[in-house]
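Input: a single structure, listed below in structure tokens.
Side chains are part of it too, since the values below use all heavy atoms of this structure and drop only hydrogens, waters and symmetry mates. Quick note on labels: first sequence line is chain A, next is B, and so on, each numbered from 1.
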2 protein chains.
Amino acid sequence: MRDVARAAGVSISTVANVLNNPAVVADATRTRVEEAMAAVGFVRSGPARQLRGLPSRLVGSVTLDQANPFYAELNRGIEDRLDEAGCLVLACSTDIQPDKELRILRLLEEQSPRGIIVTPTGENLEQFEAIARRGTPVVLLDAPRGALDLCAVAVDHVAGGRLAGEHLLGLGHRHIAFVSATWDVPPVRDRLEGLRRALGEAGAQMPVEVRMDQGDLYRGTEEAVLALLALDPSPSAVVCLNDVAALALVRALERRGLRVPADVSVVGYDDVPFAAHVQPALTTVRRPIRNLGRIAAELLLAESTPTHHHEEQVFRPKLVSRATTAPPSSLHSAASGRRPR
Amino acid sequence: MRDVARAAGVSISTVANVLNNPAVVADATRTRVEEAMAAVGFVRSGPARQLRGLPSRLVGSVTLDQANPFYAELNRGIEDRLDEAGCLVLACSTDIQPDKELRILRLLEEQSPRGIIVTPTGENLEQFEAIARRGTPVVLLDAPRGALDLCAVAVDHVAGGRLAGEHLLGLGHRHIAFVSATWDVPPVRDRLEGLRRALGEAGAQMPVEVRMDQGDLYRGTEEAVLALLALDPSPSAVVCLNDVAALALVRALERRGLRVPADVSVVGYDDVPFAAHVQPALTTVRRPIRNLGRIAAELLLAESTPTHHHEEQVFRPKLVSRATTAPPSSLHSAASGRRPR
DNA sequence: ATGAAAGCGCTAACAC
DNA sequence: GTGTTAGCGCTTTCAT
């Protein structure tokens with residue numbers, strides 16, 4: 001700004017005025033200053049403005065893994081809304097490691113961003129309240145607000161799990177397994193809980209949980225399939241924690257000679273973009289991914305309005321029936337205690 | 001820092017010393033200051049540090065669309081390398097709109113980030129040199145360095161297109177189409193160019209280009225398939241600009257009763273994570289996506305070393321032969337001028 | 001309509 | 001070992 005002022009032969013505050021209050025500046029002066037800005041290649045300093053207390057244009061988005069199709073899509077929703085407000089997304093992945101999450105949150109907080117949208121890795125949600133108290137608004141994603149003094153956008157995963165269960169029950173399945181991951185996270189536990197409730201209320205057998213190592217998608221799914229087949233009675237259907245796992249599982253099942261859905265039904269979760277385009281197309285529990293992101297960004301932006309009250313938006317997922325589910329094979333329904341080979 | 005100093009009964013510079021030069025501070029004082037920091041809930045101000053000229057911890061990543069599996073994966077590679085250096089990624093999408101790209105670049109530059117990694121939407125690469133001249137290092141991704149005074153990580157897409165062509169020629173295909181998008185971007189043009197060269201050298205018929213509207217994946221692919229079928233001779237194989245398009249095309253082909261690869265072969269591009277897991281698994285031209293991101297981040301970080309020289313890293317893609325390609329059906333090879341119904 | 005001056009939170013060079 | 005001070009680029013109040 002000093003350079004611009006000198007080049008235009010005016011004071012620094014006049015330059016400031018053409019920037020922040022152009023109406024107050026004489027037309028001739030303004031033009032001169034604008035030309036000077038172009039000539040000098042002037043770029044306003046965000047950090048300096050922030051130091052003066054103006055709102056930051058940065059928003060943190062902390063997800064479990066931005067490469068995962070679900071979070072990639074979510075971040076895009078966040079970006080779209082923030083872009084409308086002239087803000088930028090800081091995309092971070094925790095890999096479900098609480099210490100990495102902590103480190104990232106600290107780093108983010110140091111940038112004094114406009115706020116942070118976070119998908120927590122664990123149960124310890126107080127740390128987010130602490131961040132908010134220190135002055136950086138936090139909105140929780142995929143975590144219930146509970147008693148917290150924060151905004152949240154949540155999905156009723158218990159209802160989602162129930163939806164998956166009821167769909168399979170309706171098709172006649174009685175032995176249903178749940179494939180989870182080696183790590184644990186409340187949204188996944190809730191899906192299993194919902195499935196449990198659906199099966200319990202129908203008097204069906206409780207779901208067996210098989211954990212799949214997603215670190216090595218290939219070996220992990222092979223082992224999960226073996227574990228599934230080793231069950232007695234072997235399940236006629238399996239609900240997966242998400243679509244990525246479901247797709248991998250379908251392939252592993254097929255490699256072992258089992259047909260989906262003829263021999264085993266599979267239901268995914270999320271309805272990520274590829275779910276409708278794989279073969280067979282995934283039956284899945286849909287949540288409006290991009291919109292989740294938009295709403296989270298919306299709540300975050302609203303935090304800076306004077307009359308703001310914290311708010312929770314809860315989404316109810318829907319079942320999308322496609323081609324990976326069907327009634328159980330005669331083998332399963334005729335002799336449910338028998339294991340097909 | 002003032003609050004911390006007061007709480008610890010020391011001066012501000014002592015607080016600064018425990019932060020930046022802890023060795024020089026007496027143990028007792030240091031502990032006292034550290035306790036005060038915890039009590040006050042002290043968070044260092046990034047903006048203030050930057051104002052003092054210290055390196056920023058922010059790096060911009062400007063891609064065509066961060067929700068696209070290719071860029072999601074790329075950003076993860078960038079994030080992984082930056083994380084090691086304590087830096088954060090600002091993930092932006094241009095949607096291939098030059099004006100949006102310009103706006104985002106400006107916004108990014110205002111944050112005075114450590115640098116910007118950009119996948120350009122167009123041919124006008126001088127703007128990036130201008131940004132670099134103004135002090136924000138830029139590394140080009142998926143664009144050739146050319147005569148530019150910038151770092152770049154590029155992929156030899158001409159070689160990639162050629163690979164796809166040679167693979168299909170080797171299987172016996174002579175009539176090959178190329179599916180591009182409604183927009184144009186140099187990396188895609190290069191793939192077509194490579195394909196052209198391969199076919200030309202083999203004396204095969206030049207590829208026909210069919211543009212697919214990716215805005216509406218469903219209708220876009222339907223129309224693309226119709227256009228493909230309307231060709232005379234109808235192609236026995238098609239090369240797609242990327243894996244997302246390839247997957248959609250395979251599905252649309254199947255909906256029209258054509259089998260892949262029995263009736264038509266399809267080759268994708270990129271080898272995104274799902275490519276190996278769809279059915280039939282995509283034959284594709286692979287580039288090391290995550291690594292591309294890592295290297296780009298690496299080059300960017302290296303810009304701040306004193307002895308830095310701009311550098312270009314060129315990657316040569318590889319063909320991954322999977323299940324969407326096979327020799328042409330007898331129909332095609334017997335009567336190449338005839339169109340199957 | 002334009003300019004002078006203070007201060008945001010921090011760092012670094014220097015004095016004590 | 002600890003404190004004093006100047007200044008990074010900007011905004012804003014107040015004077016002219």
May I ask you to check whether over 12 heavy atoms, not counting those of B/R134, lie within 6.0 Å of atom CZ? yes
Qualifying residues under side-chain contact (heavy atoms from CB on, under 4.5 Å), relative to B/P69, sequence neighbours excluded: B/V244, B/V272, B/F274
Tightest non-hydrogen contact, residues A/A48 and A/S45, listed as N-OG, 3.1 Å
Taking only N and O in the side chain of B/T29, is any of them less than 4.0 Å away from OP1 or OP2 of D/dT2? yes
Would one find a side-chain N or O of B/S11 under 4.0 angstrom from OP1 or OP2 of D/dG3? yes
How about [X] and [Y]: do any of their side-chain heavy atoms sit closer than 4.5 Å?
X	Y	result
B/R290	B/R294	no
A/P120	A/L125	yes
B/F128	B/L148	no

Apply salt bridge (Lys or Arg N to Asp or Glu O under 4.0 Å) to A/R76 and A/E73, showing your working. CA-CA 5 Å; A/R76 193 49 155 90; A/E73 195 70 15; over 6 Å; no
Among C/dG3, D/dG1, D/dG9, which nucleotide sits nearest the side chain of A/V10? C/dG3
By nearest atom, which of the nucleotides C/dC10, C/dT2, D/dC10 is closest to the B/S45 side chain? C/dC10
When the distance from [atom1] of [X] to [atom2] of [N] is rounded to whole Å, what number comes out?
X	N	atom1	atom2	result
B/E110	D/dG9	CD	P	15 Å
B/R2	C/dC10	CZ	P	10 Å
B/E109	D/dG9	CD	C1'	15 Å
B/N21	C/dC10	CG	P	17 Å
A/M37	D/dG9	CE	P	17 Å
B/D3	C/dG9	CG	C1'	11 Å

5'-most contact on DNA chain D (nearest-nucleotide basis), B/L51 vs B/A23, goes to B/A23
So CZ of B/R6 and CZ of B/R2: to nearest 0.5 Å the spacing works out to 5.5 Å
Rounding to the nearest 10°, end axes of the helix from C/dA1-D/dT16 to C/dC16-D/dG1 built from five pairs each make an angle of 40°
For nucleotides 11-16 of chain D, just jot down a letter per nucleotide in 5' to 3' order: B, S or -, based on protein non-hydrogen atoms under 4.0 Å. BB----
Quick one: which of A/T121, A/T119, A/T94 gives a side chain to side chain donor-acceptor pair (under 3.5 Å) with A/E101? A/T121
